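Shown next, in structure tokens, is the structure this report addresses.
Sequence lines set the chain letters: A, B, ... in the order given, protein chains first and strands last, and positions in each chain run from 1. Since this is a predicted model, take the numbers as computed values, not measurements.
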Protein chains: 2
Amino acid sequence: MQPLDPAIAAAARQAFAAIVGADHVFFNEEDQLSYQDKFAVDDALHHPAGAVAPATVEEIQAILKVARERKLPLWPISRGKNLGYGGSAPLLAGSVILDLSRMRKIDYDEANGTVLLEPGVSFYDLYDFLKSKGMKHWLSVPGNSWGSVLGNALDRGVGYTPYGEHTTKICGIEAVMADGMVVRTGMGALDGAPTWQLYKFGFGPSWDQMFVQSNFGIVTKMGLWLMPAPESLMGMDIEFERPEDLGPLVDALAPLRREGLLQQSPTIGNWLRAAATLTTRGEWTDKPGALSDEVIAAIRKKFNVGWWGVSLRLYGREDMNKAAYAVLEREMGKLKPMSLRPTTWKTGEPIEATGWTGTPLTFPMQNANWHGGRGGHIGFSPILPQSGKAALAQFQRTYACYKEFGMDYQASFAFGERHLINVNAVLLDKDDPAMMKRVDPFLKRLIADAKAQGYGEYRTHLDYMDAVADTYDFNRGALAKLNRTVKDALDPQGIIAPGKSGIWPTSMMGAKA
Amino acid sequence: MQPLDPAIAAAARQAFAAIVGADHVFFNEEDQLSYQDKFAVDDALHHPAGAVAPATVEEIQAILKVARERKLPLWPISRGKNLGYGGSAPLLAGSVILDLSRMRKIDYDEANGTVLLEPGVSFYDLYDFLKSKGMKHWLSVPGNSWGSVLGNALDRGVGYTPYGEHTTKICGIEAVMADGMVVRTGMGALDGAPTWQLYKFGFGPSWDQMFVQSNFGIVTKMGLWLMPAPESLMGMDIEFERPEDLGPLVDALAPLRREGLLQQSPTIGNWLRAAATLTTRGEWTDKPGALSDEVIAAIRKKFNVGWWGVSLRLYGREDMNKAAYAVLEREMGKLKPMSLRPTTWKTGEPIEATGWTGTPLTFPMQNANWHGGRGGHIGFSPILPQSGKAALAQFQRTYACYKEFGMDYQASFAFGERHLINVNAVLLDKDDPAMMKRVDPFLKRLIADAKAQGYGEYRTHLDYMDAVADTYDFNRGALAKLNRTVKDALDPQGIIAPGKSGIWPTSMMGAKA
């Protein structure tokens, strides 16, 4: 990417201050630092020129007017916690961050179990709010819950409950388009409709997913469905001894997920989970390169975990959960797991603060400290079929690649209703220059290896948005052409998040990698 | 609408014949008749100039080239059975029907429970196909199953099973754009991906819903998820005595639907259902005007039905269904229904040929004979919140309107996960000129009455597409402007289905009503 001249943004600073007040414009050096990607492999690539933090739709419209006049790209963030994928940093260095974290309104429809949220509402905000209303609905939270509920759903983040595929729970969006027009999707397009958060589609084409992982508008409100608090929560935590147990486990869980007996989407994770958050690498070894089988064995012994582990949870009526649990127990028993720990909860009992109960949590972030230096992680997340054979082969190829590049393996296979996401959190040490040099070739190798199998990423770091978009190559990139045609029609100057998900207007194709 | 000069289309006839062969071009008078809207209120409004029936994507591309050169609008149909909403007729008279019913390929992924379908695959085709493969997956069929599976999902048709909101089961689309470019959405955009029918979103914005109820492309392939055959099917058919029982019934079912205990979406229908398909009006009365309370009482006595009836069904494991059934029995018992008939089925037992088992059916179409003349029905389908109070008020206002206009009331309240659709099938007699004169003012009244409550239609007849689109009026029609901007970018000449869902390119705004 060719960075912008930061002077372009600096010149707009006064105009922004006139709109939002000087207190909400951030162009000093420490401000710029605070919006950078903390986990960046190459810090310089994505430096923002500054940030402006509006509080209203009208202020956003005024900021857009300034940006259009000056051909200045804005990079909207909700709370900027898309960790592992770029955080609050813009793709194009020299862009101005449009920080929406001051917009924190929550409208709650308790009868129907929906909320209408502004971008700045965090999982903690919404959790506290729902708690104050008696917790009649549960949240679905991602592994690191610092971020925005709206922003997470817009980046297709996932959580632990039956409502865990957050993007599928979006119901109605308000967005400000590049030309300043405010549009509401679905039933929100009908003035006075009481059904904006109740029916997703409205009349004619539905546009909610147009605003997801994209740059066609600035989302200022989003409807989201909430899960009614269940009567009972039952399940089991299961550990498996051998790497090759992954295959049969995937094949056993997939039909249960597809038939809907499992409504929540289980995640099969490897042995590093606990160790990476509760210990540092130096406690286990001083050897470089991927962890040896001996160290892996020591880690597994200490935390009493298998090569793989998975947690299954059932939500709903107690009698139904008991019937479903019997099926799970039978099917999982056939796999001869290393251990199987049942878990059960019923309304009225004290509740565990875990992702399974929709409680926001941040401890998984501790894995940034694994290497001991200024740490971080970067995501690699291809989409696979729900096939044990495919999952095992993906693990084996990827794990060999980790070893070749001397990286420690932390990965999971997360179920959707009919797909698997192989989520890799590649752990970094920014104070290890030799390692940092290996990261980019390693990620590029993983992307190319996945593409060779027909696998594409569902989400990627800023550094790889063009590369991943290029793997979506059917009919010489027809989908990219469609994206660009729509971008040209709605935002020809590329004011909103140019380059997001590989989408550039024609006028900025020169900025593409 | 200003009809096109049919000479424009006639001139293209030879060019179309050169592409698809003379056998697949239909411009004679009887051909034109066969593509008209059989239930049309004003026949002349939507006469096609003719039809062309391609068998391949390449033929569609060649037809589009001819159409672009001649500025000739095409009206794509799958099988043209969108009965009650216009059938196979084009919105703009003089358009050429692009009849896709010859394209009938089915790709079945038995392991994952998905199909990739061409537009001409009917519910009967797919049913027969799945039967030949051992019926490991069940269909979800609409009340009249003559039509296309793909076309039904694209018009947001609904069915009876947990997979009944068909548009939500779409997973991946192939479409030919107006300029001839073939695009594949989701994972289909990645050449060689085995996950096109497994993950809906791909990378970046997702466009499946862009092609639903719209005119941005010609859909030539659609992925669809199928329900794994359940072990058990249990439920109950319940009748309720009084009109005002509707309110408590909606309020009792809504939380069960939202919590997911009911995964299928029940439809509450009135007393006319059986009578309209099994008898004609003349058997009951010779009086004009809406049916009297005495006739309603006689109909109800004969068929032993309530003012309202509803069927609830549970799909899945037998033990879980039994536990859920106990809850339904308790909750429905509280409402003191007129009758409650349990129903139960288990794998291995003979299966009933009903919508609940995903069996295609056409008998509901018999209601077109209700009045005895050349009959038909026209749909009116506003979206409501799941509130007993709102549903009852909607019924009362609408029923008064039916009486005022002298029409017989056939309506239902169909649950979605968080919405209700008040589906009205207004029964017509095309041989009753006095009645036919009342239909248009009646429909316009219903649309205006719904809009006054904040209710908009989810689907409408060709005659009302502009009127309904106009009710989606937030911010002076911002959504319509977005639709038009995209239409202008993708199909500036309006080659594909101009006017569908009220979407016209700027160049054709003069043709709008």
Query raised in the report: Which region of Y163(B), side chain (C-beta onward) or backbone (N, CA, C, O), has a non-hydrogen atom less than 4.5 Å from a non-hydrogen atom of chain A, or is it both or neither?
Result: side chain
Query raised in the report: Between D319(A), L384(A), L490(A), T471(A), which shows the greatest number of heavy-atom pairs under 4.5 Å with chain B?
Result: T471(A)
Query - Atom group of E165(B) that falls short of 4.5 Å from chain A, counting heavy atoms - result: side chain
Report summary line: From the list R476(A), M320(A), Q197(A), the residue making the most non-hydrogen contacts under 4.5 Å with chain B is M320(A)
Query raised in the report: P194(A), G456(A), G192(A), A489(A): which one forms the most heavy-atom pairs within less than 4.5 Å of chain B?
Result: P194(A)
Query raised in the report: For S387(B), is it the side chain, the backbone, both, or neither that has a heavy atom closer than 4.5 Å to a heavy atom of chain A?
Result: neither
Report task. Run the numbers on R156(A) and S206(B) for side chain to side chain contact (heavy atoms under 4.5 Å, CB included), then give the verdict. Result -> CA-CA 11 Å; R156(A) 298 211 179 91; S206(B) 166; 3.6 Å; yes
**Report entry** Closest-packed option against chain A by number of heavy-atom pairs under 4.5 Å, given P230(B), S214(B), G316(B)
**Finding:** S214(B)
Requested in this report: Go through the atoms of A469(B) and report whether side chain, backbone, both or neither lie under 4.5 Å from a heavy atom of chain A.
Outcome: both
Query raised in the report: Do E259(A) and R317(B) come within less than 4.5 Å of each other through their side chains, counting heavy atoms only?
Result: yes
Query raised in the report: By a 4.5 Å heavy-atom criterion (distance strictly below it), what part of L226(B) contacts chain A: side chain, backbone, both, or neither?
Result: backbone
Query raised in the report: With a 4.5 Å heavy-atom cut-off, do N483(A) and P205(B) have their side chains touching?
Result: yes
Query - Heavy-atom pair count under 4.5 Å with chain B, highest-scoring of V486(A), I503(A), L482(A), T485(A) - result: L482(A)
Query raised in the report: Which region of R258(B), side chain (C-beta onward) or backbone (N, CA, C, O), has a non-hydrogen atom less than 4.5 Å from a non-hydrogen atom of chain A, or is it both or neither?
Result: both
Requested in this report: Please assess V182(B) against F474(A) for the test side chain to side chain contact (heavy atoms under 4.5 Å, CB included), listing each intermediate value before the final yes or no.
Outcome: CA-CA 9 Å; V182(B) 178; F474(A) 171 76; 4.1 Å; yes
Query - Engaged part of Q263(B) at the chain A interface, taking heavy atoms whose separation is under 4.5 Å - result: side chain
Query raised in the report: Going through the distances and angles, do M181(B) and N475(A) end up as a side chain to side chain contact (heavy atoms under 4.5 Å, CB included)?
Result: CA-CA 8 Å; M181(B) 181 175 79; N475(A) 193 17; 4.2 Å; yes
Query raised in the report: Picking from E457(A), E417(A), K500(A), M177(A), which has the most non-hydrogen pairs under 4.5 angstrom with chain B?
Result: E417(A)
Report summary line: Of the listed F211(A), F216(A), F201(A), the one with the largest count of heavy-atom pairs under 4.5 Å with chain B is F201(A)
Query raised in the report: Do M210(B) and W207(A) pass the side chain to side chain contact (heavy atoms under 4.5 Å, CB included) test, and can you show the C-alpha distance, the side-chain angles, and the key distance before you say yes or no?
Result: CA-CA 7 Å; M210(B) 173 196 220; W207(A) 294 121; 3.8 Å; yes
